[in-house]
Each structure stands twice: as C-alpha cells, then as structure tokens.
*Asks:* 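Attaching a single structure in structure tokens format; questions to follow.
Since the model is a prediction, treat every value here as computed from it, not as a measurement.
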Amino acid sequence: MLETLLNLNPERIAVTELFGAIGSPARTTEYIRMFRAIEENKRIRALVIDIDSPGGGAGPSEYLYRAVAKIARKKPVIAFVRGTGASGAYMVAAGATKIVAVPMALIGSIGVISMRPMLYEMLDKIGVRVEVTKAGRLKDMFSAFREPTEEERGKEQALLDAFYNRFVEIVSEARAMPAERVRELATGELFTAAQAKDSGLIDELGDLDTAIDLAQSLAALPERKVTFMKPHRGLRDRLLNNVGTGVVDGVAWALESRLMSRRIDYRG
C-alpha cells in the first residue's frame, strides 16, 4: 500500500534483448529464468523483446518460444525486430502478442537445415584414418568421416521434415494463419519487414519506441515506465567474460602497435 502511494515500485514495461545465435545451453537457461521471473512479476505489465538474431537450434528456439507464449497468455508481449528475425528467432517472435519491425529488417527464413563438413578426403590426403567402434547401426549416421548411406540420408531427411512440420504448426497457431498459407511462405527465404507485414508474418512497421508504445497501450498503463532487463549471469561467467575481454584487448593493442610501427617504417 505504501509503495503504491509513494509510487516507489510503479507498474512498468520490461525491455530485453535477444541478440546473436540461439543454441547455447547456458544462455538459453538464463533466458528461460528471466522470462519466468517476468511472467511471475505482477509489477511488470508488459514485455518488449528487442530481436536481432539469425536463429539457431530447433530445440532451444522452441523452448524460448514456449516461454514467450506463456508470458503472452498473461500480459502483452511485443517482439521488435531491429535487424534480423530469422528462422528460430522468428519462431521466438511468433510467441509474442504482436510483432513490430523496422522496414528494412529481414524476417522469416521459415525452414530447417542440417550441414556438416565432409572431412574424409582431406584426411585421406594427409594419411589420417578414423576408426569407429559403435553399438547401434546408425549411431554414427552424422559422421563427417565417411559418406552417408542412402538409409542415413532418408533418416536425416525424415528428422528435418518433422522439425519443419512443427515449425509450420507453431507459426500457423501463433499467427492464426492456415497451415497451407504458412507452407507457401516457409520456403526458407527472407522477406523485408514490409513484405512480411503484407504476408501476415508481422503486425506493424516501426522502431523500438513504436513497440514500447504498443506495449503500453495493450497493457493500459497510464505512464510509460520502462525497465531494461538482461538474463542473470553467474559470477563465474562474468569473470570468464572479463578475462576473455582483457585478453582480446591486449592482443588487439599489441597487433595495432606492431602494425603502426610497420606503417612508420614503410613510410620512411
């Protein structure tokens, strides 16, 4: 009651970022924990997710999508695409109440891909053999050290088809679009935000302020109070990141110094 009278902890809009590839188990867990905290926090009345990501792993992408969709069932969620919202990142955005994107953002890439380098010819040239011991005929079906068999190609394609069908199902349900219409758009291609809006893949064109204003409107908030949030990172990860940054900075400084000295020599 006192907090309400003094406006010490006003109802607000949370804004978070989803940048870079999706897939790291640690990073996915951090996001899930943050989304769960936002879902349970009654003072947070809406969420804006600022997205610039090419997507990533199928499993982690759906995990994040489901977490976003859970929040959207309780409070407005606006996905804002500033650069790229492709593949798994678009899947995550689809869990939101509305999707906003800058006009020149890239949207879509609804599809599934599997790639691996085939190393056996290179290894053969340098005289390296790889010996595999396995139990289970298909245990090494994704091996990079030999050509896949026709059976293995068929099995892999069946897996990709299952993931693809699930992707189409998610977009169809989330965007209230017929599955056949989604399949027409699910060629793996990217669309401009303007094209995506015309196709029904997103709702509005605009910037981050547009997304925040929409969140405020849908949440019926009288004031535009915004809190910027990031996934919690453990002390170990923060220390390692700081050490890594220090090493990179040191190497960069040394290289720049040597390059500068060479420039001076060449000019002389």
*Asks:* Who are the side chain to side chain donor-acceptor pair (under 3.5 Å) partners of R224, not counting sequence neighbours?
*Replies:*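 Expected list: D209, D213.
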*Asks:* Would the distance check show the side chain of S53 and the main-chain N or O of G20 forming a donor-acceptor pair, the cut-off being under 3.5 Å?
*Replies:*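 Such a contact is found between S53 side chain and G20 backbone.
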*Asks:* Quick one: do V102 and V15 end up in the same hydrophobic cluster if we chain Ile, Leu, Val, Met, Phe, Trp and Tyr together by side-chain heavy atoms under 4.5 Å apart?
*Replies:* yes
*Asks:* Report yes or no: does T210 contribute a side-chain atom to a donor-acceptor pair with the main-chain N or O of D207 at less than 3.5 Å?
*Replies:*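 Flag set: sc T210 to bb D207 pair under 3.5 Å.
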*Asks:* Can you hop from V226 to L214 via hydrophobic side chains spaced under 4.5 Å?
*Replies:* yes
*Asks:* Name all residues meeting the side chain to side chain donor-acceptor pair (under 3.5 Å) criterion together with N41; count only those two or more places apart in sequence or in a different chain, and write none if there are none.
*Replies:* none
*Asks:* R12 versus I44: any side-chain heavy-atom pair under 4.5 Å?
*Replies:* yes
*Asks:* Look up atom OG1 in T133 and atom NZ in K139, then write down how far apart they are to the nearest 0.5 Å.
*Replies:*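 Output value for this atom pair is 13.5 Å.
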*Asks:* Which pairs with one or both residues in residues 175-185 pass side chain to side chain donor-acceptor pair (under 3.5 Å), sequence neighbours excluded?
*Replies:*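 Residue pairs with at least one partner in residues 175-185: N165-R183, R175-D203, R181-E184.
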*Asks:* Would you say S199's side chain and Q195's backbone share a donor-acceptor pair under 3.5 angstrom?
*Replies:*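 The answer is yes, because a donor-acceptor pair under 3.5 Å joins these two groups.
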*Asks:* What distance do F80 atom CZ and I49 atom CD1 have between them, rounded to the nearest 0.5 Å?
*Replies:* 13.0 Å
*Asks:* State the CD-CE distance between E17 and M229, to the nearest 0.5 angstrom.
*Replies:*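 Between E17 CD and M229 CE, I get 12.5 Å after rounding to 0.5 Å.
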*Asks:* Hey, can you pull the donor-acceptor pairs under 3.5 Å for the side chains in residues 90-98, sequence neighbours left out?
*Replies:*
| unit_1 | atom_1 | unit_2 | atom_2 | d |
| --- | --- | --- | --- | --- |
| Y90 | OH | L201 | O | 2.7 |
| T97 | OG1 | V77 | N | 2.9 |
| T97 | OG1 | V77 | O | 3.4 |

*Asks:* Where do P117 and A144 come nearest, in terms of heavy atoms and distance?
*Replies:* O-CB, 2.9 Å
*Asks:* Test of understanding: clusters of I, L, V, M, F, W, Y form through side-chain heavy atoms closer than 4.5 Å, transitively. Do F35 and Y63 belong to the same one?
*Replies:*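 Yes, one cluster joins them.
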*Asks:* How many angstroms lie between atom CG of L64 and atom CD1 of I32, to the nearest 0.5 angstrom?
*Replies:* 5.0 Å
*Asks:* Is the shortest side-chain N to carboxylate O distance from E152 to K155 below 4.0 Å?
*Replies:*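 No, no charged N to carboxylate O under 4.0 Å.
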*Asks:* Can you name the closest pair of heavy atoms from T192 and P103 and give their distance?
*Replies:* CB-O, 4.2 Å
*Asks:* Any chance you could measure I38, atom CD1, to T227, atom OG1, to the nearest 0.5 Å?
*Replies:*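 Rounded to the nearest 0.5 Å, the CD1-OG1 separation comes out at 10.0 Å.
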*Asks:* F167, I202: one ILVMFWY side-chain cluster at the under-4.5 Å cut-off?
*Replies:* yes
*Asks:* Ignoring hydrogens, what is the shortest heavy-atom contact between I13 and V48? Give both atom names and the distance.
*Replies:*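 Closest pair (atom of I13, atom of V48, distance): CG2-CG2, 4.0 Å.
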*Asks:* Return the set of residues passing salt bridge (charged side-chain N to carboxylate O under 4.0 Å, His left out) with E151 (not counting sequence neighbours), or none when no residue passes.
*Replies:* R137
*Asks:* Tell me, please, which residues at least two apart from Q216 pass side chain to side chain donor-acceptor pair (under 3.5 Å).
*Replies:* none
*Asks:* Kindly state each residue pair satisfying side chain to side chain donor-acceptor pair (under 3.5 Å) with at least one member in residues 110-123, sequence neighbours excluded.
*Replies:*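 Every side chain to side chain donor-acceptor pair (under 3.5 Å) pair that includes a residue of residues 110-123, provided the two are not neighbours, is S114-E156, R116-E156, Y120-E147.
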*Asks:* Give a yes or no on whether V81 and L205 share a hydrophobic cluster (residues Ile, Leu, Val, Met, Phe, Trp, Tyr; joining criterion: side-chain heavy atoms under 4.5 Å apart).
*Replies:*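 Yes; L205 is reachable from V81 via cluster members.
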*Asks:* Checking D124 now: which residues fulfil side chain to side chain donor-acceptor pair (under 3.5 Å) with it, not counting sequence neighbours?
*Replies:* none
*Asks:* What heavy-atom pair brings P76 and A219 nearest, and what distance separates the two atoms?
*Replies:*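 Distance-wise, the nearest heavy atoms are CG-N, 3.8 Å.
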*Asks:* Please report the interatomic distance CD1(I110) to CZ(F191), rounded to the nearest 0.5 Å.
*Replies:*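 Between atom CD1 of I110 and atom CZ of F191 there are 7.0 Å.
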*Asks:* Between M118 and P148, is any pair of side-chain heavy atoms under 4.5 Å apart?
*Replies:*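 Side chain of M118 against side chain of P148, heavy atoms only: contact under 4.5 Å found.
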*Asks:* Is there any salt bridge (Lys or Arg N to Asp or Glu O under 4.0 Å) pair reaching into residues 47-58, and which pairs are they, with sequence neighbours excluded?
*Replies:*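 Salt bridge (Lys or Arg N to Asp or Glu O under 4.0 Å) check on residues 47-58 returns D50-R82.
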*Asks:* Rest of the hydrophobic cluster containing V132 (Ile/Leu/Val/Met/Phe/Trp/Tyr, side-chain heavy atoms under 4.5 Å)?
*Replies:* L119, M122, L123, I126, V128, V130, F145
*Asks:* Go through I78 and L218 one step at a time and tell me if the side chain to side chain contact (heavy atoms under 4.5 Å, CB included) criterion holds.
*Replies:* CA-CA 10 Å; I78 311 301; L218 293 177; 3.8 Å; yes
*Asks:* Give a yes or no on this: more than 12 heavy atoms of other residues, nucleotides or ligands lie within 6.0 Å of atom CZ of R153.
*Replies:* yes
*Asks:* If the condition is salt bridge (charged side-chain N to carboxylate O under 4.0 Å, His left out), which residues does K134 pass it with, not counting sequence neighbours?
*Replies:* D140
*Asks:* Mind jotting down which residue pairs meet the salt bridge (Lys or Arg N to Asp or Glu O under 4.0 Å) criterion with at least one end in residues 57-76? Sequence neighbours excluded, please.
*Replies:*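 Only E39-K74, E62-R66, E62-R166 qualify under salt bridge (Lys or Arg N to Asp or Glu O under 4.0 Å).
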*Asks:* Within the supplied structure, the quantity of interest is the number of heavy atoms (other residues, nucleotides, ligands) at a distance under 6.0 Å from Y164 OH; does it exceed 12?
*Replies:* yes
